[in-house]
Amino acid sequence: MVSAEHIAPAAGEWLQDALGGLRSLPLSFMLLFVVIFILSSAILLYLVIFIAASIPRPAQNSEKTYVTILHDGSVSEAKQLPCWHDNHLALKEMARKKQIPADEAYQIDSPEVFMSVVVPAYNEEERLSGMLEEAVDFLQAAYPLQNDKYTNKRPVGNGSANGHTGASSVQGWEILIISDGSTDKTVETALSLARSWQVSRKVAFGEGSIRVISLEKNRGKGGAVTHGMRHARGAYVVFADADGASKFSDLASLVKGCQEIEDKDGRAVGIGSRAHLVGSEAVVKRSFLRNTLMHSFHLLLRLMTPAATSKIKDTQCGFKLFSRPALPYIIPYMHSEGWIFDVEMLMLAESAGIPMKEVAIGWKEVKGSKLNVIWDSLGMAWGLFVLRAAWATGVYKVD
């Protein structure tokens, strides 16, 4: 049996021989070895990121349709959704073939309503009613649509937009409820609520103002939001969580914030923020673990995201507003379909030079969250790493 005292000297002799052999190699061979090692490592890293990176599935034909409540209270047949995104892709192809100037591919069709609200909903039959009730009350007061005709009342905000064609001339609203592969009665609940407002309560809004879209398979919150925003008709498009945690009337502050910073093309992003609530009772009452994970994630964001995005104090609030001209610079290039999608939206806005503004909003804790604090926090950290790496290595790119 070989004793331990004999192993150490033998290992030392082997190492010395190996180093001696390396010293005897030509310098050119050593440099070639280093270059091959670096290239192999880079290729391996790229392959790992490519495999780990999310690639959204194409939308099914049925997912490009919606149902709504007709004036007589019945549920409509499936109707085709308008899609500015498909038109954008066609224009991009024409620009690639030099048939039109490249900047024309980013022109978007005129809005049909002032405000589009996208609500991602996965098994939300229990929590949807409160959020929709608050949303409809505010939208109908702020941007009323009566007898299918737009009124002359100015939209809440100031109704003007720098370069935002059509933003001040349209009125009305729509809500797009995206049932993200729900297995409960989310769709039935949404339609029942719409019927009660439109028929029983005689709320004067247009047919099709509340549209329910069903995804065949669950995509994740980010995938549902992106899908809805591809079919939005509004001069402004906001996505809002189905739990009603955000104070919906603060949408007026988001509109005002966007209009204050819009660039010459009318592009802007308003970010609902709960940062001012840090230290409040609602946050203090959270568990030590949840607050620790929250602060750790914010630190990761500051370290791993570009300058403007890293300065945003609350990237994860589910209440963000986009002016219509900003959409073609963000939505076609979205990949993340999970919880980290907000960060990708903000990074894309920053890379396109779109002004962003954080706006304080009211917020409350709502029971029934589907967020698993530990696993989803780890998933968000991994998702952030993959997202940043994919954009940095060219796995994701704006063509």
Side-chain angles (χ1 to χ4, degrees), residues 59 63-68 79-88 108-121 131-132 134-145 148 150 155-157 159 161 164-180 190 194 205-213 221-242 246 248-252 254-259 262 266-272 318-332 334 345 349:
E63 296 173 339
K64 296 181 180 181
T65 64
Y66 71 96
V67 293
T68 189
K79 299 183 177 184
Q80 194 70 27
L81 283 162
C83 188
W84 64 264
H85 180 259
D86 286 348
N87 185 54
H88 168 75
I108 188 169
D109 55 330
S110 298
E112 298 179 33
V113 294
F114 184 78
M115 183 61 64
S116 291
V117 181
V118 175
V119 183
M131 180 270 168
L132 287 181
E134 185 182 358
V136 169
D137 286 346
F138 172 79
L139 292 169
Q140 189 60 14
Y143 324 114
L145 180 62
D148 291 344
Y150 299 117
V156 171
H164 193 165
T165 304
S168 61
S169 61
V170 296
Q171 187 66 337
W173 52 271
E174 66 175 355
I175 297 177
L176 305 179
I177 301 165
I178 318 299
S179 177
D180 189 17
F205 56 77
E207 188 176 279
S209 290
I210 296 180
R211 303 181 170 199
V212 181
I213 302 163
K221 180 183 175 182
V225 168
T226 300
H227 184 81
M229 295 182 83
R230 288 174 177 172
H231 302 285
R233 298 178 294 151
Y236 291 93
V237 183
V238 65
F239 70 81
D241 288 345
S246 301
F248 198 87
S249 59
D250 283 339
L251 177 59
L254 282 179
V255 173
K256 182 179 179 181
C258 266
Q259 291 175 341
E262 283 173 2
R267 305 180 307 166
V269 176
I271 304 162
F319 203 49
K320 293 181 177 66
L321 180 74
F322 301 78
S323 66
R324 190 169 186 81
L327 297 180
Y329 296 86
I330 300 172
I331 301 304
M334 286 293 297
M345 281 185 163

Quick one: does [X]'s side chain have a donor or acceptor within less than 3.5 Å of a partner on [Y]'s backbone?
| X | Y | value |
| --- | --- | --- |
| Trp84 | Arg230 | yes |
| Arg267 | Ser323 | no |
| Thr68 | Arg211 | no |
| His88 | Leu327 | no |

Is there a side-chain contact between [X] and [Y] (heavy atoms, below 4.5 Å)?
| X | Y | value |
| --- | --- | --- |
| Ile108 | Pro328 | yes |
| Leu251 | Tyr236 | no |
| Ile210 | Val136 | yes |
| Val225 | Ile178 | no |
| Met345 | Phe322 | yes |
| Val255 | Val238 | no |
| Met115 | Leu321 | yes |

Looking only at heavy atoms, which two atoms of [X] and [Y] are closest? And how far apart?
| X | Y | value |
| --- | --- | --- |
| Glu174 | Val113 | CG-CG2, 4.1 Å |
| Gly234 | Val237 | O-CG2, 4.1 Å |
| His227 | His231 | O-CD2, 3.0 Å |
| Ala349 | Val269 | CB-CG2, 4.2 Å |
| Cys258 | Gly270 | SG-N, 3.2 Å |
| Val170 | Pro111 | CG1-O, 3.7 Å |

To the nearest 0.5 Å, what is the distance between [atom1] ([X]) and [atom2] ([Y])?
| X | Y | atom1 | atom2 | result |
| --- | --- | --- | --- | --- |
| Asn87 | Asp109 | CG | CG | 6.5 Å |
| Leu139 | Phe248 | CG | CZ | 4.5 Å |
| Ile331 | His85 | CD1 | NE2 | 8.5 Å |
| Met229 | Ser116 | CE | OG | 9.0 Å |
| Leu176 | Arg233 | CG | CZ | 7.5 Å |
| Ile177 | Met131 | CD1 | CE | 8.0 Å |

| said: List the residues meeting ring-ring contact (aromatic ring centres under 6.0 Å, His included) with Tyr329, not counting sequence neighbours, and say none if there are none. | reply: Tyr106
| field | Qualifying residues under salt bridge (Lys or Arg N to Asp or Glu O under 4.0 Å), relative to Asp241, sequence neighbours excluded | value |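 Salt bridge (Lys or Arg N to Asp or Glu O under 4.0 Å) list for Asp241, sorted by chain: Lys221.
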| request: Evaluate the ring planes of Phe114 and Tyr143, with Trp represented by its six-membered ring, and classify them as parallel (under 30°), tilted (30 to 60°) or perpendicular (over 60°). | output: tilted
